[in-house]
Structures are given as structure tokens and as C-alpha cells.
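Here is the structure we will look at, set down as C-alpha cells.
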Amino acid sequence: MEYSEIVLDLIKRVMSLEEKVAHLESELNETEQTESNLESKITRNSSRKYAIENLVKNNPDFLVEKGNRASKADIIFTKQENEITYMLKAKFYHSKSFHDFPSGWHTVKKDDILNEDIHLFIFNIEYHQQFYTFLFSRMEIMKFILDKLKDQNNLYHFYFHINENKVMEVRDKEKDASKYLENWILPSLLLK
């Protein structure tokens, strides 16, 4: 009888260990999924990297780089031609879509729009890990805001959305924004 008690005790211990291992494996799987989700999280930097890659691809004559505070630009384009260096500066805005269609909310300072050193305005919207990018020249955005309202802080608010094959900016009134969507060659057009 002593052996049967020992065997029963061993079986209980093995079953307890199996439950603990199953629980630890479950926790490990959850941790791995969380880490995987964090790795695939879209940030402003990854959004800007996507934009820079497409700008490089569509504007091969330019060196396209991430800007910095000293340059007062988010993206910088440089082009060498006949010993002359041309430079364009862009402001970059990133937004995530929280609707069941691609949409993004962006805020732009009036001073940035009036700043003659800024040549491009790039609005990137992330929706289900896909990007939708709107590109405006400074002159285009100045025309675009003619009938927009600014708030008491001299900020313009843009709300772009793509829904039912319509590409619109709808913050103050509905405006067609389709010609600005994926207009990747705009930097090259500005220096023609």
C-alpha cells in the first residue's frame, strides 16, 4: 500500500506541474503577442520613414532626409545642379485613423503656412497599418485655407477622410482633396 500512495502522490505532483507549465506557456504566448503588437505599432517616426522612402523613390534627383529642430523642418530635400544646391523644406504631420475608414485630424500653425522657408506640407494618415499621404505645396495650402476658419491660437484644423471613393477634407466644409493624395512627385514639380 505504501507504493500506491507514493504513486498517487507522484501523479498528483505531475498533474500539478502540467497545469503550471500550461499556465506559463499561456502567459508566454500572451507576452509574445503583446511584444509583436508593440513592434508593429505605427509611430510618427515610422510614418515619416514611409513618406521619405516614397519621396526618394519618386524624386530621384533629390537627397531626402529627416529634418531637425535646427533646420525648422521635418523633412529636407536637397538637389545639386551645376554647382548650385537647391533645398526644399517640408512640415510633416501624422495621424491615426480611429474610424472604420481612413481619416486623420491635423493641426497646422498659421505661422508655418506663412513661413516662406517651408515649401511642402505632408499629411500622413495611418489606417490598419496602411498609409494615405496628402502633399501640398505652400501655395496650394494657402489657397486651400482661404475659406477655412482658424482658432483663437492661430491654428488651422484639417480633417481628411477617404470614404466611399471620395477623398475629402471636411473640417470647415467639404472640399475635394483628391489631387493632393499620393502626389509624390510634388518636390520635383516645384523645382522645374
Side-chain angles (χ1 to χ4, degrees), residues 33-60 62 64 66-67 73-77 88-115 118-192:
Q33 286 179 337
T34 301
E35 288 174 359
S36 175
N37 289 342
L38 288 174
E39 288 174 344
S40 65
K41 182 179 177 187
I42 303 296
T43 63
R44 184 178 190 277
N45 282 336
S46 60
S47 179
R48 180 170 45 186
K49 182 180 176 190
Y50 166 84
I52 288 173
E53 288 170 358
N54 278 283
L55 289 162
V56 165
K57 192 184 320 176
N58 290 280
N59 300 278
F62 282 96
V64 185
K66 177 180 161 185
D74 299 310
I75 299 174
I76 299 173
F77 304 79
L88 297 173
K89 293 181 178 182
K91 293 299 266 181
F92 179 81
Y93 305 89
H94 168 72
S95 178
K96 296 179 183 180
S97 183
F98 295 103
H99 293 292
D100 55 355
F101 56 88
S103 63
W105 187 273
H106 307 278
T107 305
V108 180
K109 296 177 188 173
K110 178 183 176 186
D111 290 344
D112 287 340
I113 293 174
L114 297 177
N115 183 348
I118 303 297
H119 307 95
L120 292 139
F121 293 82
I122 303 169
F123 303 92
N124 215 19
I125 298 167
E126 183 265 328
Y127 175 70
H128 293 299
Q129 298 192 344
Q130 279 192 303
F131 293 107
Y132 300 84
T133 309
F134 295 84
L135 297 97
F136 290 79
S137 70
R138 182 173 165 271
M139 296 309 289
E140 288 171 331
I141 205 159
M142 287 179 76
K143 288 179 188 174
F144 203 81
I145 64 166
L146 285 176
D147 54 358
K148 285 188 79 54
L149 303 172
K150 64 179 183 285
D151 66 16
Q152 69 273 13
N153 297 315
N154 280 330
L155 298 173
Y156 289 98
H157 300 274
F158 294 82
Y159 180 51
F160 296 102
H161 75 232
I162 303 163
N163 195 9
E164 299 174 3
N165 295 323
K166 287 184 179 180
V167 180
M168 307 294 288
E169 194 280 326
V170 296
R171 168 63 161 106
D172 298 306
K173 73 175 200 177
E174 281 196 9
K175 295 175 89 171
D176 182 11
S178 57
K179 75 178 193 175
Y180 308 106
L181 181 62
E182 313 299 341
N183 188 16
W184 294 112
I185 62 168
L186 183 59
S188 294
L189 296 175
L190 290 177
L191 285 184
K192 276 197 170 189

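Position 1 is the first residue of the sequence, and the numbers go up from there. In this text the structure is predicted, and so the values were computed from the model without any measurement.
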(message) Could you check whether atom CG of Leu114 has more than 12 heavy atoms from other residues, nucleotides or ligands sitting under 6.0 Å from it?
(response) yes
(request) Could you tell me if the ring centre of Tyr180 sits under 6.0 Å from that of Phe123? (result) no
(message) Ring centres under 6.0 Å, that's the criterion: do Phe136 and Phe121 meet it?
(response)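 Ring centres of Phe121 and Phe136 not closer than 6.0 Å.
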Can you tell me how far the [atom1] atom of [X] sits from the [atom2] atom of [Y], to the nearest 0.5 Å?
| X | Y | atom1 | atom2 | answer |
| --- | --- | --- | --- | --- |
| Leu186 | Leu190 | CG | CG | 4.5 Å |
| Leu88 | Ile76 | CG | CD1 | 10.5 Å |
| Leu135 | Glu140 | CG | CD | 9.0 Å |

Donor-acceptor pair, side chain of [X] and main chain of [Y], under 3.5 angstrom:
| X | Y | result |
| --- | --- | --- |
| Asn59 | Ser188 | yes |
| Glu182 | Trp184 | no |
| Asp172 | Leu149 | yes |

Quick one: does [X]'s side chain get under 4.5 Å of [Y]'s, heavy atoms only?
| X | Y | value |
| --- | --- | --- |
| Phe158 | Ile145 | yes |
| Leu55 | Ile122 | yes |
| Tyr50 | Glu126 | no |
| Lys175 | Asp147 | yes |
| Ile113 | Met142 | yes |
| His99 | Asn163 | no |
| Tyr156 | Ile141 | no |
| Phe77 | Leu120 | yes |

(request) Identify the two heavy atoms, one from Phe131 and one from Ser46, that lie closest to each other, and give their separation to 0.1 Å. (result) CZ-O, 4.3 Å
(request) Of all the heavy-atom pairs spanning Phe92 and Ser47, show the shortest one and how long it is. (result)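 That would be CZ-OG, 3.4 Å.
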(message) Could you check whether Ser178 and Asp176, counting side-chain N and O atoms only, form a donor-acceptor pair closer than 3.5 Å?
(response) yes
(request) Please work out which of the three classes, parallel, tilted or perpendicular, describes the rings of Tyr159 and His161, given edges at 30° and 60°. (result)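 Plane angle over 60°, so perpendicular.
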(message) Just to verify, which of Asn45, Ile75, Asp74 counts as forming a side chain to side chain contact (heavy atoms under 4.5 Å, CB included) with Lys66?
(response)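 The passing option is Asn45.
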(message) Any carboxylate oxygen within less than 4.0 angstrom of a Lys/Arg side-chain nitrogen, looking at Glu174 and Lys166?
(response) no
